[in-house]
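Scroll down for the structure; my scribbles are underneath it.
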Protein chains: 2
Amino acid sequence: MPRKVTSFDVARLAGVSQPTVSRALRNLPGTSPGTRERVLEAARELAYVTSDRGRSLSMRSTQRIAIVSEELTNPYYPELVEPLRRELAHRGYRTVLVADHADGNPVGLDALTDGSYDGVILTTTRRRSPLPRDLTERGVPHVLANRLLDQPEASCCGIDNAAGARQVSDLLAALGHERIGVIQGPVDTSTGKERAEGLAAGLRGRGIGVRRELTRQAPYTHDAGRAAAHELLRLGRPPTAIVCGNDVVALGVLSAARERGISVPVDLTVIGFDDIPMAGWPLVALTTVHCDLQALARMTVELLMDRLENPDRAPVERRIRPSLVLRGTHAAVRGDGRVPPPAAVS
Amino acid sequence: MPRKVTSFDVARLAGVSQPTVSRALRNLPGTSPGTRERVLEAARELAYVTSDRGRSLSMRSTQRIAIVSEELTNPYYPELVEPLRRELAHRGYRTVLVADHADGNPVGLDALTDGSYDGVILTTTRRRSPLPRDLTERGVPHVLANRLLDQPEASCCGIDNAAGARQVSDLLAALGHERIGVIQGPVDTSTGKERAEGLAAGLRGRGIGVRRELTRQAPYTHDAGRAAAHELLRLGRPPTAIVCGNDVVALGVLSAARERGISVPVDLTVIGFDDIPMAGWPLVALTTVHCDLQALARMTVELLMDRLENPDRAPVERRIRPSLVLRGTHAAVRGDGRVPPPAAVS
DNA sequence: GGCTTTTGTGTATACGTATACCTGTCAACA
DNA sequence: TGTTGACAGGTATACGTATACACAAAAGCC
């Protein structure tokens, strides 16, 4: 087993000193073309790769960004992480995913502050999470993506959830729905709170009230959405439409409807939020609110770069405007007229 | 902005030398209880966190394992990564996800050999990928999970795909299907090859032939499965059952069937492979082959630990046995008798 | 109470790279 | 031809931790 090859080995083979190797390999000025060529040749021959540990220690920078997220089994987050990764790679940073709740314990603050990362992107932060403040105190640059804090302690980039919810309420009003069920997300998340409040406000503006007995709260999972939907659908007078905290919950509602033999959209309208790819599959054809995660990622990374360069600047907040996507799970309330056809044959 | 606090700062505050701090914080023998207490107190007061860069450089070990995988937007991989992460965390390792094809280029070999990781787990390797050999040459311990190589160059842990495919063929034969469509995975993946061959062998054993005109090949995506299914379903005599390379492809087939107004399972039986969580949703209720990814992860990590401790031992191969899961997308061929009911109401 | 053995802690150094600084060479210029 | 300056490349050191080794003090032994 050959010992790991270092820049000293390359230097010896090329007949130069170690710093010259460092300069030549990075194309810094102050190296003659001939020497540079000899160094490159030697490095190639030895299959030399610069040690990330040595470089990081010496440069006081790892060129790595941590993305903190709940388990990736929620299909929304890979969709958010991928454009973030791409955007960061484009700027020369590697991305590292850090699980939010490793085996039940909250995220290890130490793991984020041990110098492994130049910055942190938080994606599943709760409204009152102490994590951003902790990171600030320890001097780790960070921004929030997707979710926001109650207090503007950090720069953040989110979706304009109120605007999205308003579009949903406009659609439901236009379709004549009045008994509207709501399965909102967790209230300790900004998305859960903003979407629920935006929907209530939008419906109120159309003269429609949201009734407490038709409202449920569920974490962002299929099973929670399914369970909540069963509760609503077995009521004496079930809702004619169910608005969900996000798409995954909406998929749970569709599962519940399937189990009860309720036809969507004929007997029940279901609306999601996020527009994950699955929502666009003909099998699902979910009417939902589309969020441009490319734009969200671009803006988030921009904000992070700003934090890295100007750590003391005041935090800012940005919003991406979403748009309604009409697919196959909405229809006018029964007896009210025509029903849109299901997805067309391609 | 306070300068990053080091073990020297802690040492000064505690009135000891830097090495004593190192020893005390790690509970090494050779430190008196009184001194240890003073050091811990000082570390707490300064909110000291051991620098990962310094420790890694000094210890020649990062306690990090890289998991190389295609984009996480394929729902299978988060399901595999999560138990791997858990298993590795249990043994004191952090996990880092490395994208297989960052922006189109093959995975950066340098990124895996720059000393950032103590070992590598490859999850989406092709049958003839040069990556394992390269890693061996550069002395980076590694194992394969899920997929295998043609040449046994590395330790690996996979599913017994042939056994799973045989169970599928037994089921189809029992249901009376004879015109069987196959949408197999990429032939340059071991999973694609083994499942297709296993199915053909199993059916042949039951006196059923797999016809070339009913066979398609598709990458492991929903859209590819959907397109292939449309091809098969618009044939003059379409198949009565379609066996898919994996669940995601099967979901594409279900989408295509929905688009064409074909009823599953009455008019078409669809079989997947993997049993991703989505397959169990009542909305989908996919009949498929279940793979125990917990077991796969446990075995994989075991193999990797063995590589870390005995780098020169010969590679080994392990297989996890899968099992058929009967849900709602299979039925006896039409006109043959009774049809199993769809999923029951809960 | 002299001897060895153990124990606690400090000193020196390694890990692999990057960079401030210094030196020597050579071209340009008067 | 002596002076200046640019430039190539070497020397020394920093980054933050871990550990081999030295050394002094304390403890055990007769």
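Going from atom CG of A:Asn27 over to atom C1' of D:dG9 covers 16 Å, rounded to whole Å. The nearest whole Å value for the distance from the CD atom in B:Gln63 to the P atom in D:dT17 is 17 Å. Spacing between atom CZ of A:Phe8 and atom C1' of C:dA18 amounts to 11 Å, rounded to whole angstrom units. B:Met59 places its CE atom 19 Å from the P atom of C:dA14, with the value rounded to the nearest Å. Distance B:Arg36 CZ to C:dT9 C1': 13 Å, rounded to the nearest Å. At whole-Å resolution of the value, CZ in A:Arg55 and C1' in D:dG16 are 18 Å apart. The interatomic distance linking B:Arg60 (CZ) with C:dC15 (P) rounds to 6 Å, in whole Å. Atoms CD (B:Gln18) and C1' (C:dG10) sit 11 Å apart, rounded to a whole Å.
At least one side-chain nitrogen or oxygen of A:Ser32 sits closer than 4.0 Å to the OP1 or OP2 atom of D:dG9. For the OP1/OP2 pair of C:dG16 and a distance below 4.0 Å, the side-chain nitrogens and oxygens of A:Ser58 include no atom meeting the criterion. Here A:Thr20 reaches the OP1 or OP2 of D:dG10: one of its side-chain N or O atoms lies under 4.0 Å away. A close approach under 4.0 Å does occur between a side-chain nitrogen or oxygen of A:Arg26 and OP1 or OP2 of C:dT19.
Residue B:Val21 is classed as having no contact, given no heavy-atom separation below 4.0 Å to the nucleic acid. Within the 4.0 angstrom heavy-atom criterion, base atoms lie near B:Pro19. Residue contacts for B:Ser17: at a heavy-atom cut-off of 4.0 Å it reaches a base atom on one of the strands shown. Residue contacts for A:Ser56: at a heavy-atom cut-off of 4.0 Å it reaches no nucleic acid atom on any strand shown. Within the nucleic acid shown, A:Ser51 comes within 4.0 Å of sugar-phosphate atoms alone, with no base atom in reach, counting heavy atoms only.
Residue B:Thr35 has its side chain nearest to C:dT9 when only D:dG9, C:dG16, C:dT9 are considered. With D:dG16, C:dG10, C:dA18 as the candidates, the nucleotide lying closest to the side chain of B:Thr6 is D:dG16. Taking only side-chain atoms of A:Ser7, from C-beta outward, the nucleotide of C:dA14, C:dT19, C:dT17 with the closest atom is C:dT17.
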Query raised in the report: salt bridge (Lys or Arg N to Asp or Glu O under 4.0 Å) between A:Lys4 and B:Asp114: does it pass, once the steps are laid out?
Result: CA-CA 10 Å; A:Lys4 185 76 189 160; B:Asp114 68 359; over 6 Å; no

Query - Evaluation steps, side-chain hydrogen bond (donor to acceptor under 3.5 Å, both in side chains), between B:Ser116 and A:Arg64 - result: CA-CA 11 Å; B:Ser116 298; A:Arg64 282 170 212 266; 2.8 Å; yes

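Across the interface with DNA chain C, nearest-nucleotide mapping of B:Val16 and A:Val49 shows B:Val16 to be the residue nearer the 5′ end.
Electrostatic pairing of B:Arg44 and B:Glu41 counts as a salt bridge here, judged by a charged N lying under 4.0 Å from a carboxylate O. Of the charged side-chain nitrogens involved, at least one lies within less than 4.0 Å of a carboxylate oxygen, so that B:Arg138 and B:Asp110 count as a salt-bridged pair. In summary, A:Arg133 and A:Glu137 do not engage in a salt bridge, as defined by a charged side-chain N under 4.0 Å from a carboxylate O.
For D:dG10, the base has a donor-acceptor partner in the side chain of A:Arg23 [N/O atoms by modelled type, under 3.5 angstrom].
With rounding to the nearest 0.5 Å, the separation of CZ in A:Arg126 from CG in A:Asp150 is 13.0 Å.
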